[in-house]
Each structure stands twice: as C-alpha cells, then as structure tokens.
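Worksheet: one structure, shown below.
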Protein chains: 4
Amino acid sequence: MSHIRGRFHKKADKSAAEYTASIPFDWRLYRHDIAGSIAHARMLAKQGIISAQDARIITDGLAAIGEEIEQGKFQFKPELEDIHMNIEARLIEKVGEVGGKLHTARSRNDQVALDLRLFAREAIAETLTRLKDFQRALITLAEANKDVVMPGYTHLQPAQPVLLAHHLLAYFEMLQRDISRFNGCQERTDVMPLGSGALAGVAYDIDRDFLARELGFSQISRNSLDAVSDRDFVTEYEAAASLCLMHLSRLAEEVVLWSSAEFDFIEIDEAYASGSSIMPQKKNPDVAELVRGKTGRVFGHLMALLTTMKGLPLAYNRDMQEDKEGFFDTVDTLLATLEVFAGMVRTLKVKRKSIEAAVKRGYILATDLADYLVKKGSPFRTAHDIVSRLVGYAAEKGKSFAELSLDEYRQFSPLFTEDVYSITIESSLSARDITGGTAPGQVEPAIATARKIVEESFREK
Amino acid sequence: MSHIRGRFHKKADKSAAEYTASIPFDWRLYRHDIAGSIAHARMLAKQGIISAQDARIITDGLAAIGEEIEQGKFQFKPELEDIHMNIEARLIEKVGEVGGKLHTARSRNDQVALDLRLFAREAIAETLTRLKDFQRALITLAEANKDVVMPGYTHLQPAQPVLLAHHLLAYFEMLQRDISRFNGCQERTDVMPLGSGALAGVAYDIDRDFLARELGFSQISRNSLDAVSDRDFVTEYEAAASLCLMHLSRLAEEVVLWSSAEFDFIEIDEAYASGSSIMPQKKNPDVAELVRGKTGRVFGHLMALLTTMKGLPLAYNRDMQEDKEGFFDTVDTLLATLEVFAGMVRTLKVKRKSIEAAVKRGYILATDLADYLVKKGSPFRTAHDIVSRLVGYAAEKGKSFAELSLDEYRQFSPLFTEDVYSITIESSLSARDITGGTAPGQVEPAIATARKIVEESFREK
Amino acid sequence: MSHIRGRFHKKADKSAAEYTASIPFDWRLYRHDIAGSIAHARMLAKQGIISAQDARIITDGLAAIGEEIEQGKFQFKPELEDIHMNIEARLIEKVGEVGGKLHTARSRNDQVALDLRLFAREAIAETLTRLKDFQRALITLAEANKDVVMPGYTHLQPAQPVLLAHHLLAYFEMLQRDISRFNGCQERTDVMPLGSGALAGVAYDIDRDFLARELGFSQISRNSLDAVSDRDFVTEYEAAASLCLMHLSRLAEEVVLWSSAEFDFIEIDEAYASGSSIMPQKKNPDVAELVRGKTGRVFGHLMALLTTMKGLPLAYNRDMQEDKEGFFDTVDTLLATLEVFAGMVRTLKVKRKSIEAAVKRGYILATDLADYLVKKGSPFRTAHDIVSRLVGYAAEKGKSFAELSLDEYRQFSPLFTEDVYSITIESSLSARDITGGTAPGQVEPAIATARKIVEESFREK
Amino acid sequence: MSHIRGRFHKKADKSAAEYTASIPFDWRLYRHDIAGSIAHARMLAKQGIISAQDARIITDGLAAIGEEIEQGKFQFKPELEDIHMNIEARLIEKVGEVGGKLHTARSRNDQVALDLRLFAREAIAETLTRLKDFQRALITLAEANKDVVMPGYTHLQPAQPVLLAHHLLAYFEMLQRDISRFNGCQERTDVMPLGSGALAGVAYDIDRDFLARELGFSQISRNSLDAVSDRDFVTEYEAAASLCLMHLSRLAEEVVLWSSAEFDFIEIDEAYASGSSIMPQKKNPDVAELVRGKTGRVFGHLMALLTTMKGLPLAYNRDMQEDKEGFFDTVDTLLATLEVFAGMVRTLKVKRKSIEAAVKRGYILATDLADYLVKKGSPFRTAHDIVSRLVGYAAEKGKSFAELSLDEYRQFSPLFTEDVYSITIESSLSARDITGGTAPGQVEPAIATARKIVEESFREK
C-alpha cells in the first residue's frame, strides 16, 4: 500500500501493507533507481526545471544513499512500500524539502519501467557473456576429444556412429540461437521510457534524448501509455531463458545418462558430484540433475507472467508488480546454471574406451550397408528392406556384421561382394563428408569456426 | 553438494555448492525435521536399536537445537547443504558421537519426505481455516446487504436482476469445492513415509506404526520406492491452490470493476486502497489487483513442479529438490491472499443507490417478458423472437419497457395485456423461486445454510 | 455468433461466425444434449408446463435426431453455431413450432453446463476403469517376475538392490492415488445444474430433483450463478490427468532407458515398437516416447483452462467456450495412453540375465556394510564414513567387496569379521523386511494386496 | 508405428498404431513435403546420384500426387503412419520401384525438419501480413476519432485525460514489437536442414546449397545432430504468438469493458456481436471474449512444447512428433484472431458523447493542479500533498474543481491564483507535449508515422 495516502484518513491495514509491499524484492533495483534519478535530476537542471544547485544537492544525496546501501547502512522500511519511495524518503530526510523536487516530471510508473529496463539490460549482457563462456567450454571439450567416436542415438537407440565433438557442437548451435534471441531481446529492451509520466506523458519541457544518452539507451519510447504498460522485455527474457534452459536440460539429461553405470561414457569431477547420506558408494550427478530440474522453474515464471499480463486493460495495473520476483529468479537461475554447468563441462573426464566399446555394439553400421547397396544400384527402399532382413538374420545367429560370411551376405543380395568388409566405424564417419555431417574432415573445421565465432563475439563486446 | 563426501578427495566447487544448497529455503522445515527426529529416536530406543539413554541425549539435544533456532542463535551453514545436515551436525557437535546414531535406519530421502508431509499437513489445515474464514466474510457481507438488487451479468452485459447476496454466495460455493479438494489432498498427505530408507526400506526392525502415531499420521506408506519419489501431495496442493486463486481472481476482477468510476457499486475501505505517486485524486484497488496478479504466480509454480517431475525415473533424483520453493511460495501466497482479501471484503461498503440505479438501466426484464408470453401460451422460441423485436423497437424509440403503451406492446403480440406492467425488478426476482435461484425466499435460507455449514465445520475441526 | 439474432439487422460476419462457432468440436456432446433435453421435456410435462402430448412429440423427435446423428445422416450446420442450436433447430424442423417449447425454463448456459457434466461423468468412469486395468497389467508383470532382482537407482546411479516387482508396485501406488483423485473429481462433477437458467434461476415451477434422478445425479447445484460459471470439474479432471500422465511419463522414461542397448533390461514387443526410415537395425520404443511426450500436451491444456478462467467476472462469459477442446483432447489422450501403455506393459519381456548382471556391478551393497557395522555397535555416521573409505580403497584396487580380504576389511574397522562375507544381494533384500520394504517376504503379500484392491474395485463398480 | 517394419515379424498393435500415427494432423504438410521432395529429386539427378530420367519420373509423380490431394482424390492411409510415408508409398505405387530412389540420401528426420520449416516460413509471413493489417485497422480508427478525449486509466481508475487515438497507438507499438519478434523468428527459421540424414549427415555427395536455393532458404544448417533435434523455431513462434495474443487480450478486455452498459464508450457492430438464447435484449461482445479466452490456449501450447522438449537426449525422439498439433493450432488461432479482430476494430462505433461525459467525471485534472503548483515554485512532493488534501475537501463538499472558489483553493496554498481556472481537459492534454505524450500536437504526427511505417512495410514485403 502506498505510503502516499494524501487524502486518506486511515492507515493501511497491516496485512494489506505487507501484501502489497515490493521492497522485500525490489531493493535489488537500487543501483538502477539511483542512476535513473541522477540522470533525471541533471536533465531537470539542464532544462531549467530545477536549479543547478538543487540538482547538485539531489545528485549528491542520491550518491550518498547509494553508498549507504552498498555498505549495508541503509534502513529499508516496508511501510515505504518500494525501493523508489524508500530512496526518495531518505533523500528528503537527508537534504530537506528540495529532495521533493526530484519527482517533478516523473511518475513511479515510468520510473519503475526505467529501472527494470536498466536491470534487464545488464542481465541480458551478462547472460550473453555466460552463454559464450559456456560455448567455449563445449568447444574446448570437443577439441580435447576430437577423435572420440560414440554411438549417435535416436529414440535412445544406437543409430549411427558420430564424433563426440560433433555431438557437442550441436549444443554450440543451440546456444548460438539463444544468443541471437537474447540479442533481439536486448534491442527491444534498449528503449528509454522516462517522460511517459503516469500514463499520458509529462507536462514539462523535458529532454528525453538527453536522458537516453545519459543512461546509454539508443531509443526513446514512442507512446507513453505503452511505455508504462509494457513488460514485453521481461516476458521475452523469460521466453528466451526457457528455450535456453530447455537446451541445457537436454545436455544435463545426457550427462546423467552418460555418467550412469550402464552408459559409463564420462566421469564427473568430484567437485561437481555429491555423495549420499546413507549409501557410501554413491557419486551422484547432482548439478546436472538440478540443471534439468530448474528448467521447470523458469517455464513456470514465463507462464506466470504471461498469465498475469493477460487481459489487463491499459495502462499500469498493480498486477504488474508481479513481474519482478519471477524475472529476478529467472536471471539468477540462468546465470548460475550457465556458470556451474560450464565448470562441470570443463572438468568432465571422457571415458574413451568405454564409449568406443559402446559404438561397436549392435548393428550401428546398418545404414552404411544399405547405402552400399544403393551405390551398387539398388533403390534405397529396396536396400533398406534387404538390410533389415539381414539384421534379423544376424541377430538370430548372434553374429555381428563382421562375423557374417560373404555367402551369408549374398543370401540377401547378390550385390554384396568382398568389399562389404571395408565398411567400418571409420568408413561410416568419413562417408558423412558434407557440411554439417560428422566426418572428421567436417568436424575439425566446424570446431575451428565455432571457436572463431565465440572469440570474435567476445572481442566485439 | 553434500558435505558427505566420504571417498571424495576434492572439495565441492564453490559455485556448485551454492547451486545445490537448499538451506537458504529448507531451513523452514526445522520444526518438522526436529519433530520427526525426536519421534525417530524414541522409536529406535523402543525397539532396542539404540539405548534409552542415547535416545534421551539425542532428543534433549534436538529440543535444545529447536530453541536455538527459535531464538535466532543457530548458525545455518551453507556448506552443510540442507536443514537436515545442519541439524545433525549441530547435534553431534553438542552431544558427541552418539548423535551419529540418530541417522540409523533412516535416509535423507525418507526424512525429507516426512518433513515435507509434516509441513504440508499444517499448511493444508491452515488453508482450510482461512478458506472458511473467507466464507464467513462473504456470508456476513451477504447478510448485511440481503435486499440489495444488482444487475446480473453475462458477457459483462446486464442480463437479469439478481440479489447481491446471491452473487456473493456463488463464491461461497466455489470455496466449498476448494475446501473439499483440500480435504482430499489432506487425506493423501496423511501418510507416514519413514522406514522407506533411501529407496528400498531399512534393514532394521523398526516400528513404523509407532512413528505414525507419534507424529499423528493415520496411515503408513506401502511402497518404499514410491514413498521417496512421491511429490503428489505438493503438486496436488498447488493444483488446488491454483483453482482457489482462480476463483479469488474472479472476485478480485469484480472488485476492480465495481469500484471503478463507471460501475461505482462499492467503495473499498481506505485501509485496503492506495494512492498514486503523482495523481493526487487516486484511490486504487491495489489489493484486488494483486490477488488477480498473484494468480499467475501460483499457476506458474504448478506448471514448474509438473514439468520438473515429468519423466524422472525412480527413485529420488536431485531435480526433486525444486519442489520446495514453489510450494512454500504457493502456501504463503494463498494464505496471505485469503487473509487480506477477507479483510477487504469485511470492510467493503456497498453503494446501494448506485447499484440499484444500474439495475434499472436497459431491458434487463426482457426474459421476464418472454416468460410472460410463454405462460400465456406462446412457445418459448416464438416468445423470444417477439421480445427481441420489441426491444429493438423500444431502443429505437428511446423508451423503457414501462414507457411503452399497451398498444405498442400489442403490435408485437396480442398476448400482451394490462398485467404486463406488473413485471418489475421485484417480480423478476421473486419468480426465480427455485432451489439455487435468486428469489429472496430462496436466498435467505441459502445464506442461513451457508452460515451453518461454515460454523459447523469450524466446530468440527 | 449465435444465429439467435433477434433484433439485429445484420448477418454475422463470415469470419466472425467461424471464429465463434463451436459445432466443429461440441458435436461430441450430442448424446448428452439429447439425454438432457429428453429429461427436461419429461419434467416440463410432469409439472404441467407443457402438455404430455407436446412432451411426447418432443422426446420422440429428439430420439429420432439421435439416430440420425448416429447414422451419419444429420447435417451439422456451422451457421447454427453449436450442438444445442443444431439439435433444437432440427427438432423444430421435424416437429414444428411445438419444438420451440423445449427451451422453456432453460437457457443454453445451464444446458451446456449439464451436457458437459454428463460427458465428464462418463469420461471419469472410463478413466477409472482404464486406470485399474493398467494396475492389473503392472501386477501381472510383477507376479510373473517376482523373483527378479534389479539395481534400485537414485540419481540414476545404482543404490541398493530391489525386486523388480517392488519397483513396479511403486507405480501401482501412484495410480491408486490417481484413482482417489478421480473419485473426488467424480463426486464434485455429480451435480445437476439444470434450473439455473441463464444465471438467476428459472421463473417456472420446475422439479430439479426429478431431473437429477432422471439423469442419474446425486446432487443438484445450490447457486444458479455458480452453476453456470463453474468449470472446476473440467479443470480438476485436467489437473488429475496431468498428475497421472506425470506418473506414466516416469514409467515411460524407464521403459526407454531399460530398452536401451546400455541398460538392456527389457525387450518391447514388436507390436509396440517401430523401425526407422533409413536405419534398418532400429527397434524404437515409440509408444513409450509418445507417452512421455504427450504429458506436455495435457499440462498445456490445464494451463490453458486455468488461464482462460482467471479473472472472469460472473456469470457466463464466452471465453468459457474454450473449455471443451482441451478437455476432450485431455480425455482422449489419457484414455488412449492408458490403453496402449497397458498393452505394452502386458507384452514386455524382462531380460532377467541382463538385469541380474547389472545388479552385481559396483558397490551396491555398501549400505549393507554400513548397517553391518552399526549392528556391531558403530554409530551410523561413523559406519558410513568407514565404508566410504573402504569403497574408495576397493575402487582403486579394482576389487569388488567379495574380493577384499578380511585383513583389508579390518584395515578400516576392527568390527569386520568373517561374517562380512555373508552380505549378499539376497541378504540385502531380505534385510529390508518391513512394511513397504523390498524383502521378498514383504513384496509377495504386497502383490496380493494390490491384486485384491484392483479386483474388488472392479467388482464394486 | 512405422509401417517400415523390416525385420519385425509382428504387425503393430492396432491401438498402438493409432496412438503413434501422425497422418490425422500432418497431412497438412503435403505441399511442403512434395516441394521438398521435388527439390531433393532434382538435386539427386544434378549430382548424378540418380539419373535425370528417374528424377523426371519421380517429380512428375509427385506433382500428380499433389493434384490428387488438392482434388480430394488421395486416400490417406493411417497404417502408413505419416504424410511422408503416405506420399512415398503412393509414388512407388504410381511409378514403380524407381520411386524408392527418392529416399536416397535422406531420412524422415531431416525430411520432417524441412517440411516443418517450410510450413513455419509461410505461417510467419502470413502472420506478419495480418499483424500489419491489424495495425492498419487501429490507425484508421485512430484517425477517424483523432479528437476524441477519454479518461486514461491506471488501476482501472480515471487517471489523466488522453486522446483515444493515443490509446489506440499504444497497441500499434505492441504489435510493432510483435512484428520485430516474428521477423527474428523468421530469420532463425530460414535454415535448410536437408542433408542431415537421420542424425549424422548423409553418405552421398549431395549439394545442400542447391537445395537451399531451390527451396528459397538463405542458410543451411551447420550441424546434423542439431538440425534434426531442433524445434526452436516452433517454440519461438509459439512464444511470439503468446506475447501477441497477450497484447490482443488486453485490447479485447477493453472492448468488453467499453461496450458494457456502465462504460458505454463504443458500440460493436452487429456483424461481430451475438444474442442470447433466452435474454432477448442481449448484444454480447463474443468475438472480444473469445480473443481473450483463446489466449490461454496458445499459452498452453507453448507450455506443452517446452515441457515435451525438456530433457530429451539427442537426437530425434518420438516425443517430438507432439510439436505439430499445438503449432498448427497456434498458427490457426493467431491468424483467425488477427483477421476477425481487425474486422471488429474496423466496424467499431465510438460513442463520443458518452466517452467525453466520462472524462469529465471526478478529479482527473488533479495532476495538472499539482504541476501548476510546481510551476509556481512548490516542490512536487509538497504540491502533491496539497492537491491530495484539496481533492479530499472537494469530494466531501461534492464539488468539482471548477466549482471551488478561489478562496477555497487558497485555503490549501497561497500559490493558487485566478489562472487555476484555466486548467481544463484541453489544457491538460496540450501540456503533455513531449515525444510519446498525449498532446494533440504529438498524437497527430504519431498517427502519420505509424501509417508510414505500416505502408512502407507492406511495400517492402
């Protein structure tokens, strides 16, 4: 409940005051609020709306409040409801009635829109950095294991051999799209809303472009009603984060699978594993499990905000205060996940022998046999049928392809000749020598390209 | 990361330790954890698994730790990961190696399942109390305004006159279903999981029924794997809370509408309203807006948990740690909403004149005119058509029904006679004299019944 | 757009008419609509509101329309918007103006509420039957494999040995809770809304109890505004279905894992597997994957309906038309999933040798070693530490527990004596001889109890 | 279940076959599938993988099949599972074994990825067109009513006067961001996946760039595993659609409010309204209600797909088949909503008198009074307090600002002088003469700019 109770005669009900207070979470915006207020005061002075001296008193006061907060000396007062009123009240306490001039030509509605955009801009920038750092971790792991062959899976069944590095680069691509989405979100966040007032624009001759420059925005908002009612940038961050965590949850699932006793493809570093309270032998992939588990949390925040915004008439409604906690938690979750997961990727030990044993199991070269027949003239669909039957036969006999005699092969098609034995894991890989394919000759430059993309993007920043 | 690192040589990575720690939120389970441990220690002694003296040392130690926490003297250590390990470590610190006997015949997996059920049981009980209290507030408001007539709406268009009390009792019914759902949830929560161990049951001769009695449960779990993997009771609470908040959001929407300048049906007490930072005339229905807005948040928690649990193999997986924050927040949100919204309902001022002016607008008695024709022999569908055309005619002439002459009526049907003028708001209400209808003769006993249901249910508790 | 355009001069816009029409999906309610209308007509006659002859004409007409629809001879007309108007218009076409009497003392609002409850009642009953049938399939599989031991997992790491039957019974318990929830939903669905009219109750002396009896309901609704605005029963079905599919998705995940080459615990029957368009060797667990995948779909329907209902003022709003498609799809999805998944469970082949090889891997008996030390006097926490170090030592030496000498054991604790070698998979299982535990002596009666619960519940139905 | 059952001995179970079949919904991809296959066949011939003659037979056959489908002569066979197999089987039926060559160097996995991208590309293009058309409708309405003043609301309480045109342009801005998001989505969709094979790339010397050119893509995918596992473009469409429908739901809510008897700001054209089955006077805003209601449905589809994709290991899993129905429905819903809602906006009648009466109610000029005091030297916070008390006083006296005497004003501040009476609705509007503000001098060029943006974007297309 606003402490601004002007014409009201009663105090807010205590439980209502607690219910509506945002200071328990929006204190996090203090830096952004102070930065915005300092720019606003300077602009008011520049435009002659307040005096230069008043502006200096205000900006000095604000800077001092910033330090109080940093040093833990600031008393946040729940009865002052939110971070904006806490800071303004403290300002007036410190500098007197002149502090009351700060809110000229401004409303909490455009102020909170500004603060949240300043926060979002930083959050997106940090997200981009961590995404790229995660890509680096993937590339380094790919480089270090560039000749490791693993079973490629579809339906979690061994399908065709692939390079582990190729598999890891699939995640590089997903994150590259995430980066692209966060960049788009950043562009749409980079809009300065101050000057929109409560909803209709302010009745003062302010300089919005000056404000934008001071605060490092490249655009100003074009419609005041929209500017105070818009939380698209928050929702869009949450949607991009949901997609990103969905990607990370897939890799997390693979880490869990691969570190199981049954797959045994990797070993998680002890620094990222944990034990059990009663089972002394356990080494659990807790970090990966939590990455997977926290995905739901971020989906939930997205759904929450979409639902909250649905059907709200213009302009500001108090429902919109619900934007912040989910947003802060989404940012915190994504940043922490990227950091800790990158650390785990960096320290993963690939169990080459165990992976390579797995790739030899079963009839993973069946597609290659079919392709072999096609190259000898069979239509693909026919070749597929022949090899299907051949697999059935071999499985029944308990033989691998290599263990079948040429006669046995030829029972299924006369196109088989001695050179069928030259089909190997290596030949299978090499054959997929096409942009995007798993042939070593493709994957090596793909790693280099990925490396280049990341490093250039770090430099550009 | 568990501090139980037995055979590990490395410390947990700092960011990984933070990422996996639950103590920042699961400290809330300390009462339940201590209660569960005390019961467990007593049972171990009763079964001769530990000595009576050891049990006394342990239970005294636990009680003392409980006091330390209550008094804010307990040092929560993030490196001890969760509330369970924090308490156990402190116990051993206080009472020595004997404290290490507490974890006999128990695992964190069944321990956390127990603690969460104890918490949920309390939360559900408190939820039920507040639901009933909210019903009381509705009934009292209905009683105090039992003769106020308002326009009943469909599609937000005036449809037929209804009693405000009847309208309010619709919410009584919704909450009655909510109560029924939370009761079902309570039954399914009331199951004692201890003895399930990590997943397979424990290898000690423990007495699970004794534990259930000590802790006030009426059933014990029947399958250890299920007992440690089950979070249905949390999900079900969140689903029931989602439905309940959906109901409350509807009433909140009506409070917002009704307190608008355009409807002007009610006045929110100042203790539950707030002002504006720049518009001095504003009196905003913030509480109602936040009730509506927080609905999304709870939907989000439900979605988050469902998503997190989806596709997890048995038994415990670390993803499940994500159950708590959303659950705690759902409980807190629902309880606070019920409390503050009940307060607002109790202090609402109904603007009788303004409502009754509204009910007279337009052609709200058109259905009654059609029913009039039916009672004179017209098939309903025909009567509906006649009155539709009559409304069109009256609207064009700018006349109300009362202002039409009998001749004008009879242009549309010869069935109209003088008694058409006896159709009034009052006659319309009284005509709906059927169980569940809005006739005063129905609504009065309905209020009494509602009152009786609530008061009896309070007594039974 | 309603074809009921009474005083309107214009036709509905074509795209608007399509946008608002529900006949493309609500035709599925035709049986329920006709049943409801027949009961309504009989009641009107019984009360003398229409003549017995009119009632007979109407009910005969309705029965004939039912046959036309069953035989595919009925022309559904989109311009008549919904199933209710399609049937009423056809009735009038067939029997003349008397058909227009059917809608006396009724509104589409209470009619659609009735039809949907009739549909839901059937859907819940069928859901319950299929849930029990699925339980049967699980029990039968458990019985057939009651002595098969498998690794019990936590964090997808081998934790302790469990019986496969015990594992399967965990799902029995989950479904038992699902049954309990659907039963609760059925009780809250079993409420007859007719008589609520558009929102205020009807102005005719109708007999609601007669209607309830005719239509097999055990209660009548108590508030007309609530009765036409309530879709709780649909939402609750979707919530219960979400929980149920969450459970099934967990088993589906296990089927996918267990049928992987790496686990190799089971073989899916060919009738439930599929091949690949290009990889001739593939046998994919498509059904299990789709069970897992369709879980998201049902969560989505739940979220959709909650969102749609959020913040709607009373009474009926057209938004509520959105309840049906998601509900129908949820019912169809759950019923089909239960049927096809039960079939797959029934035909699963358990690969006993392969499972039993897995259970022998690693140090799955470590907890038993710790319990051994506890029983010799060590506090559990100390015992856990000793065995942790022992596991570290054994792993380094590449030895299993059985391969360690007694001297090696005693380097870690003097409590170890010759009887340490009597700790085996079998002893581990037997030791968990506690209600809910995995000891064969517990699991056998648990299977019998489960069987009894299911069979009795089938009989009761 | 795939009809490709190669080595299988059993037929698929009937219910399993139905459960897994996608042809009931993916038949919609037939055009895209045929276009993709024609391009593929041409490429195979160009590369010498099949002969030019075979390619011609195949492409002629495919074209003929396309016609069969268009003319409703094609027999879709559920047992052939999906659209791809239906078309391929028909091709072989028509042209013989040579048809079996089409699937050379291709898998269903990259084929379905291609088809879905082709569909998405079209859907996005059409979405963009309809978004712009909706913007046009808004601009036209704004232009036609450019001098209509309405109460601007926050918290649904009158806040400050705004131009209706300004209010409408807020939605123009929202849609402009939607356009920007769909453009970003289009870029990320515009990637050609063919050549990725099942997961590892194909073992043939194909020309992926040729395929991209033939099919109008500007990029080719860079990683085969990613290309077949990626449904980001679908998810992103659903996220952008969710945001867009959230915007439209806000306008829909306003249409419902504004057409209520209490607001009475607009009249919906009869072509977009509907009547009631029993209340002859009703004119309901069904289209707006359904726009609002369908928002939930699209949120649900987004949640469903995110949930389905969460935690899936690479590469293709059958769960991913669940991407289509929700996507198709999202596209259909958004396109239909944009079309019908634009029609409703175009035909809305603004009730100028009624709106302008509303703007005069209450103390909507209070902010202007505070600003007046600020301009006379008062700090804003002080001015706000003064006017708050003044409003309290006036409300108590039942006077409007205009009705207060100067003496009464001066009781609150000596800064008030005669010119306080020059504060009017008009002066309030004009004062907000700042970019983005509601002053007529700002709104007029804003309309022109909006018009220019839309028209240029239509030309560019």
Results of side-chain contact (heavy atoms from CB on, under 4.5 Å) for D:D269 - residues two or more places apart only: C:K10, D:A271, D:Y272, D:T347
Residues which pass ring pair (Phe, Tyr, Trp, His ring centres under 6.0 Å) with B:Y363, listed by chain and number, not counting sequence neighbours: B:F401
If the condition is side-chain contact (heavy atoms from CB on, under 4.5 Å), which residues does D:P313 pass it with, not counting sequence neighbours? A:L156, A:E253, A:E254, A:L257, D:N317
Structural part of B:Q157 lying under 4.5 Å from a heavy atom of chain D: both
By number, which residues in residues 242-251 of chain B have some heavy atom less than 4.5 Å away from chain D? none
Within 6.0 Å of NZ in D:K376, more than 12 heavy atoms from elsewhere: yes
Can you tell which of B:H155, B:K310, B:M303 has the highest number of heavy-atom pairs within less than 4.5 Å of chain D? B:H155
Going by heavy atoms in the side chains, are B:E262 and D:R361 under 4.5 Å from each other? yes
Report, as yes or no, whether the 6.0 Å neighbourhood of atom NZ on B:K397 holds more than 12 heavy atoms from other residues, nucleotides or ligands. no
Let's test your reading of the structure: which of D:P151, D:P158, D:G311, D:A288 forms the most heavy-atom pairs below 4.5 Å with chain B? D:P158
How long is the straight-line distance from OG of D:S260 back to CZ of B:F263, given to the nearest 0.5 Å? 4.5 Å
